[in-house]
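Only one structure is covered here, and it is reproduced in the block below.
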Amino acid sequence: MDIPILKEVKNLLNGDRRREYGPPDKGLETIARLWTAYMQTSLNVDLKITSSDVCMMMVLLKVARQANSKDRDSYRDIIGYTAIASDLLSDEI
């Protein structure tokens with residue numbers, strides 16, 4: 001299957017985004033720790049958010065945005081976050 005958006009996402013994840021933000025696992029782990037600390041401190045909820053959780057919550061954010069404004073960038077981001085979550089899954093099981 002040759003779908004142009006998949007190539008775009010692959011190029012973003014391995015090119016521009018990686019150069020801008022570094023490896024996704026590092027940034028997502030930082031976000032997971034910050035969100036966990038926020039939830040525990042502000043909401044008094046005992047939980048641990050994982051990097052995969054961050055990916056899935058970002059997918060939900062993009063889905064919510066699509067409800068109000070249709071744009072191709074959100075679809076690319078949804079594909080990217082889902083691909084990263086899939087890669088991270090084996091590390092978190």
Transitive ILVMFWY side-chain link [X] to [Y], under 4.5 Å:
X     : Y     : result
Leu88 : Leu34 : no
Ile31 : Ile78 : yes
Val9  : Leu61 : yes
Val59 : Leu6  : yes
Ile3  : Leu12 : no

> How would you list, by chain and number, every residue that makes a side chain to side chain contact (heavy atoms under 4.5 Å, CB included) with Met56, sequence neighbours excluded?
Replying inline: Ala85
>> Walk me through whether Gln66 and Tyr75 qualify under side chain to side chain contact (heavy atoms under 4.5 Å, CB included).
In response: CA-CA 8 Å; Gln66 284 296 92; Tyr75 288 115; 2.9 Å; yes
For the atom pair [atom1] ([X]) and [atom2] ([Y]), what is the distance rounded to the nearest 0.5 Å?
X     : Y     : atom1 : atom2 : answer
Leu13 : Tyr81 : CG    : OH    : 10.0 Å
Arg33 : Lys48 : CZ    : NZ    : 9.0 Å
Trp35 : Leu28 : CH2   : CG    : 9.0 Å
Asn68 : Asp71 : CG    : CG    : 11.5 Å
Ile79 : Ile84 : CD1   : CD1   : 12.0 Å
Cys55 : Leu89 : SG    : CG    : 10.5 Å

>> What I want to check is whether the side chains of Ser74 and Asp77 have a donor and an acceptor closer together than 3.5 Å.
In response: no
When you measure from the side chain of [X] to the backbone of [Y], do you find a donor-acceptor pair of N or O atoms at a distance under 3.5 Å?
X     : Y     : result
Ser69 : Arg65 : no
Thr36 : Ile49 : yes
Ser86 : Thr82 : no

> Does Asp73 have any side chain to side chain donor-acceptor pair (under 3.5 Å) partners at least two apart in sequence or in another chain, and if so, which?
Replying inline: Arg76
>> Within the 4.5 Å heavy-atom criterion, are Gln40 and Asp46 side-chain neighbours or not?
In response: yes
>> Using the salt bridge (Lys or Arg N to Asp or Glu O under 4.0 Å) criterion, which residues pair with Arg18? Sequence neighbours excluded.
In response: none
> What do the steps show when you test Met58 against Val54 for side chain to side chain contact (heavy atoms under 4.5 Å, CB included), and what is the final call?
Replying inline: CA-CA 6 Å; Met58 293 304 294; Val54 172; 4.2 Å; yes
